[in-house]
Amino acid sequence: MASVSAPAQTAPAPTAPLQRGIVKMVLSGCAIIVRGQPRGGPPPERQINLSNIRAGAMARRAAQGQPDTKDTPDEPWAFQAREFLRKKLIGKEVCFTVEIKTALGREYGMVYLGKDTTGENIAESLVNEGLATVRREGIRGNNPEQARLCDLEDQAKSSKKGLWSEGGGTHTIRDLKYTIENPRNFVDSLHQKPINAIIEHVRDGSVVRALLLPDYYLVTVMLSGIKCPTFKREADGTETPEPFAAEAKFFTESRLLQRDVQIILESCPNQIILGTILHPNGNITELLLKEGFARCVDWSMAVYTQGAEKLRAAERSAKERKVRIWKDYVAPTANLDQKDRQFVAKVMQVVNADAMVVKLNSGEYKTIHLSSIRPPRIEGEEKNKDKDKRFRPLYDIPYMFEAREFLRKKLIGKKVNVTVDYIRAATGPGEGTPAFPERTCATVTIGGINIAEALVSKGLATVIRYRQDDDQRSSHYDELLAAEARAIKNGKGLHSKKEVPIHRVADISGETQKAKQFLPFLQRAGRSEAVVEYVFSGSRLKLYMPKETCLITFLLAGIECPRSSRNLPGGMQVAEPFSDEAMLFTKELVLQREVEVEVESMDKAGNFIGWLHIEGVNLSVALVENALSKVHFTAERHADRGKKRPVYVTEITDNLHFYTQDVETGGQLESLMETMRAEIAAQPPVEGSYSARRGDYCIAKVSRVEKVESPAKVHVFYIDYGNREVVSSTRLAAIPPAFSIRTLPAQATEYTFAFIQVPQDEDARADVVDCVVRDIQNSQCLLNVEYSGATCPHVTIQFGDTKDDVGLGLVKEGLVMVDIRKEKHLQKMVTEYLNSQESAKSARLNIWRYGDFRADDADEFGYSR
């Protein structure tokens with residue numbers, strides 16, 4: 001700025017009163033701006049020019065829009081004079097007298113540092129340092145102050161100080177750079193290191209003009225992460241301040257204007273340089289927020305290097321105190337009690353990828369939406385591309401299934417901390433937009449991990465962008481934005497350039513034909529892993545089978561559960577008593593949890609029937625134990641599973657299957673046989689009167705006709721012992737009705753060994769069968785059903801006296817190989833069998849006497865299983 005000096009005095013002024021103020025700004029070596037004390041707003045200010053001296057003019061930039069004008073450089077020692085005063089006066093109290101006031105209103109006078117004229121005379125100090133010259137024209141000889149200035153100037157000349165030094169002072173002229181050709185490269189080249197600077201101008205509370213040292217770049221810097229009220233320029237050129245704009249500007253001016261600071265230049269989007277100003281007394285960005293002079297802005301918050309959470313905390317403090325721009329602020333959760341804002345709850349269900357149903361300590365269920373995130377979605381055109389296909393969001397929207405599974409595996413059945421951020425009001429349907437009910441949006445954490453942030457960081461959700469004045473957002477919004485930026489950078493999930501995952505999930509619920517085709521696979525699989533997707537009632541579920549990638553409807557076997565209300569063609573079916581309680585029990589225990597199921601059969605509608613286990617609990621049993629269902633007669637088939645029961649081994653076949661009788665029903669069988677013998681003795685059948693037909697039950701002991709070759713050759717199966725025989729029809733007779741299998745079912749039950757593969761070699765197989773016949777035929781043993789098979793159950797059987805496992809003994813002797821099962825609950829036994837097999841192989845026992853022969857049974861040797 002050009003320097004100013006006092007014009008020649010035209011008339012002596014009366015003794016000027018002493019006035020006080022605080023130095024706001026130093027314009028040049030001989031001009032300062034002094035302000036008063038603030039009272040209810042920015043204080044008045046005035047420019048004071050130093051009388052009787054002249055300092056060099058500061059550099060001035062050419063007027064914008066006037067191509068004829070040029071930049072004016074510093075005069076020699078002008079910047080040094082300004083700096084001398086700046087360091088001495090900025091923010092300090094001074095007293096001054098106004099000696100002359102020109103017609104244009106410019107004021108000239110004497111300025112003293114301190115509260116009275118005993119303080120340092122600023123003009124004298126400048127002259128003494130050789131940084132200003134004395135205007136000797138018009139000086140009155142009888143004025144001692146003017147005479148002292150002349151003496152000080154003479155001393156400075158003789159000492160060759162400042163302006164009076166040799167060389168003309170060209171080295172004191174700054175090379176000011178008003179523009180930067182590539183601001184982004186300039187900012188990046190500094191690597192966010194603090195740079196020394198002087199704040200030359202404050203445009204508003206959050207935008208300043210700074211002189212970067214030592215290279216004298218003059219740059220405009222916007223404070224990262226915040227925005228203060230501004231001054232709007234009207235059409236006529238005038239400026240209208242927004243509420244608190246002037247106060248915010250004064251707040252920044254009074255602390256930073258012409259102060260020595262350090263600036264971290266953080267980013268440069270759209271030619272706007274963003275930075276943080278560091279002052280020994282604090283961070284102005286945080287102070288502006290804390291005092292309610294600024295609000296956080298999302299677009300620049302991401303580049304703030306001093307911790308975005310500090311800015312949010314400062315803004316939150318101002319909001320809570322309702323200061324300045326927040327004087328009318330109402331918190332999004334203002335109407336909620338503290339217990340409703342923060343609470344611990346148990347996650348019961350995950351809804352798509354941004355919501356969950358939780359159970360409060362009170363037993364109430366509540367749907368919680370994750371704040372400020374949007375789950376994967378599909379555009380309208382894609383959605384409508386295949387109109388014939390039923391749209392299933394969970395499987396048809398890319399990454400929706402992955403997002404749901406991430407939440408399900410991490411949260412289901414776990415306790416989480418919920419902090420409600422805002423309540424999104426219900427919205428009515430609009431053009432192209434559906435209606436939404438009221439939503440409770442919250443931040444959910446488990447083990448200190450923000451679930452929404454974890455979801456976004458994996459690219460399984462995106463962050464919602466808000467209007468700047470929309471306060472309904474996550475309390476950890478900046479962490480969400482940072483997580484999304486990381487996901488984009490690393491190409492995770494939705495931001496990946498790879499092909500999107502496709503989930504081809506067949507829904508065979510109610511598809512009878514498909515279910516029939518699928519049934520044998522599920523039966524042979526034994527226990528299969530599944531995820532419970534939906535609970536229709538206490539005993540009716542929808543399961544997702546991950547291995548088979550299909551959805552099935554599953555009915556619990558062995559129980560009759562109260563039916564829930566249902567829409568039927570004839571109207572609504574009324575719910576049976578306790579149906580809701582049963583459904584709630586099942587939901588709480590298994591919904592969206594990983595379970596194991598055993599499919600036994602299917603009904604006419606294509607629904608599979610079987611047993612469901614979760615963490616060792618049989619759901620059918622659990623419902624009965626809690627008096628929420630009745631036992632169905634089919635439960636007897638499963639009753640003996642997992643319980644060792646005494647049996648009598650009656651027959652062993654050549655393929656190592658065997659038949660047993662239950663010891664508990666042996667007395668009934670003996671009684672029946674005695675009664676039958678007595679009746680036959682009293683009324684013997686006529687020899688040859690019986691004509692055998694396949695499938696008939698007849699007397700030959702008690703047998704079933706399996707095949708009729710001729711009257712002399714009838715194949716019979718003894719249903720109480722398991723053995724077979726070819727007899728003449730003359731030895732057979734019809735079974736009396738009183739002794740049919742309805743009176744007492746067939747007592748011989750077929751089983752085979754679990755975890756065992758019978759050798760293919762005939763001699764080796766004969767050795768195994770002979771060994772088993774010697775060990776257990778016609779003896780009492782303990783039997784346990786391990787898993788279902790295609791023709792009969794697979795069991796482990798123990799000797800009645802020693803309780804040793806018969807099958808394990810065969811493996812230890814090297815007589816059989818191990819059949820590996822993959823069901824989780826069987827792994828302990830499989831491991832034991834495999835260890836025994838390794839021992840037999842090492843000892844070269846029986847089938848292993850030539851080593852591991854299975855190595856030659858590979859595909860490349862022409863072997864195929």
Side-chain angles (χ1 to χ4, degrees), residues 524-528 547 642 644 647 649-660 722-723 749-865:
R524 281 199 297 271
R527 284 202 186 187
S528 303
K547 191 176 176 184
K644 293 183 179 66
V647 296
V649 180
T650 57
E651 178 69 11
I652 296 168
T653 68
D654 291 342
N655 61 355
L656 213 59
H657 284 218
F658 54 91
Y659 290 85
T660 68
N723 58 316
T749 307
E750 184 183 7
Y751 297 106
T752 188
F753 284 96
F755 314 119
I756 279 179
Q757 281 184 2
V758 182
Q760 299 291 322
D761 180 73
E762 290 185 12
D763 293 338
R765 191 187 319 147
D767 290 343
V768 181
V769 173
D770 289 345
C771 180
V772 175
V773 169
R774 285 196 310 270
D775 287 345
I776 64 172
Q777 187 160 7
N778 298 323
S779 65
Q780 186 172 316
C781 300
L782 293 172
L783 180 143
N784 183 53
V785 177
E786 301 295 345
Y787 51 90
S788 301
T791 58
C792 63
H794 289 241
V795 300
T796 50
I797 193 164
Q798 297 177 350
F799 293 110
D801 48 2
T802 64
K803 306 293 189 292
D804 289 338
D805 186 335
V806 176
L808 186 61
L810 295 174
V811 174
K812 286 179 178 177
E813 292 297 321
L815 292 168
V816 294
M817 296 176 290
V818 176
D819 180 22
I820 298 173
R821 303 290 298 184
K822 295 185 179 179
E823 293 94 325
K824 285 182 183 176
H825 69 289
L826 300 176
Q827 291 312 298
K828 186 176 178 181
M829 293 193 73
V830 170
T831 303
E832 187 180 1
Y833 271 63
L834 286 172
N835 291 338
S836 299
Q837 178 173 275
E838 289 303 314
S839 300
K841 283 164 64 177
S842 301
R844 299 291 182 99
L845 298 178
N846 292 306
I847 64 173
W848 309 112
R849 57 185 175 274
Y850 302 119
D852 193 346
F853 58 90
R854 296 174 304 173
D856 294 336
D857 291 342
D859 291 340
E860 57 263 37
F861 296 108
Y863 176 82
S864 61
R865 283 184 169 83

K.L.:
Exactly one of Val758, Ile847, Val772, Leu810 should register a side chain to side chain contact (heavy atoms under 4.5 Å, CB included) with Val816. Which one does?
P.N.:
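Per the side chain to side chain contact (heavy atoms under 4.5 Å, CB included) rule, the option paired with Val816 is Leu810, out of Val758, Ile847, Val772, Leu810.
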K.L.:
Please check if the side chain of Gln827 supplies one atom and the backbone of Arg821 the other of a donor-acceptor pair under 3.5 Å.
P.N.:
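Pair found, side chain donor or acceptor close to backbone of Arg821.
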K.L.:
Provide the closest heavy-atom pair for Ala764 versus Pro759 in the form atom of the first, atom of the second, distance.
P.N.:
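Minimum heavy-atom separation between Ala764 and Pro759: CB-CB, 3.8 Å.
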K.L.:
Kindly determine whether Phe658 and Leu783 satisfy side-chain contact (heavy atoms from CB on, under 4.5 Å), including the steps that lead there.
P.N.:
CA-CA 12 Å; Phe658 54 91; Leu783 180 143; 4.2 Å; yes
K.L.:
If only atom types and distance count, is the side chain of Asn846 paired as donor or acceptor with the main-chain N or O of Glu813 below 3.5 Å?
P.N.:
yes
K.L.:
Where is the tightest heavy-atom contact between Lys812 and Leu845, given as atom of each residue plus distance?
P.N.:
O-CD1, 3.3 Å
K.L.:
How far does CG of Leu834 sit from CD1 of Ile820, to the nearest 0.5 angstrom?
P.N.:
5.0 Å
K.L.:
For Thr650 and Tyr659, indicate whether the former's side chain and the latter's backbone hold a donor-acceptor pair under 3.5 Å.
P.N.:
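Looks like yes, one N/O pair under 3.5 Å.
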K.L.:
Any side-chain to backbone donor/acceptor pair from Glu750 onto Cys792? Under 3.5 Å, distance only.
P.N.:
no
K.L.:
Measuring from atom CZ of Phe755 to atom CD of Glu832, what distance do you get when rounded to the nearest 0.5 angstrom?
P.N.:
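Phe755 CZ to Glu832 CD: 9.5 Å, rounded to 0.5 Å.
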K.L.:
Picking from Ile797, Thr660, Asp801, what satisfies side chain to side chain contact (heavy atoms under 4.5 Å, CB included) with Cys781?
P.N.:
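With Cys781 as partner, side chain to side chain contact (heavy atoms under 4.5 Å, CB included) holds for just one option, Ile797.
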K.L.:
Please report the shortest heavy-atom distance between Asp805 and Gln798, naming the atom on each side.
P.N.:
CA-CG, 4.3 Å
K.L.:
Drop me the distance from Phe753's CZ to Thr796's OG1, to the nearest 0.5 angstrom.
P.N.:
9.5 Å
K.L.:
Between Tyr787 and His794, what is the ring plane arrangement, given parallel below 30°, perpendicular above 60°, and tilted in between?
P.N.:
parallel
K.L.:
Tell me, yes or no, whether the heavy-atom count around Asp654 atom CG, taken from other residues, nucleotides or ligands under 6.0 Å, exceeds 12.
P.N.:
no
K.L.:
Would you mind checking if Glu762 and Arg765 are paired as a salt bridge, meaning a charged N to carboxylate O distance below 4.0 Å?
P.N.:
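Glu762 and Arg765: not salt-bridged.
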K.L.:
How long is the gap from CD on Glu838 to CH2 on Trp848, to the nearest 0.5 Å?
P.N.:
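Taking CD in Glu838 and CH2 in Trp848, the distance rounds to 8.0 Å.
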K.L.:
With rounding to the nearest 0.5 angstrom, report the CE to CD distance, Met817 to Gln760.
P.N.:
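Atom-to-atom, Met817:CE and Gln760:CD are 7.0 Å apart.
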K.L.:
Do Asp819 and Ile756 have side chains that get closer than 4.5 Å, going by heavy atoms?
P.N.:
no
K.L.:
Between Val649 and Tyr751, does the side-chain contact (heavy atoms from CB on, under 4.5 Å) criterion hold? Intermediate values first, please.
P.N.:
CA-CA 10 Å; Val649 180; Tyr751 297 106; over 6 Å; no
K.L.:
Just verifying a value: how many Å separate Asn778 CG and Glu651 CD, rounded to the nearest 0.5 Å?
P.N.:
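So the CG of Asn778 and the CD of Glu651 are separated by 8.5 Å.
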K.L.:
Going through the checks in order, is the side-chain contact (heavy atoms from CB on, under 4.5 Å) test met by Thr752 and Asn655?
P.N.:
CA-CA 9 Å; Thr752 188; Asn655 61 355; over 6 Å; no
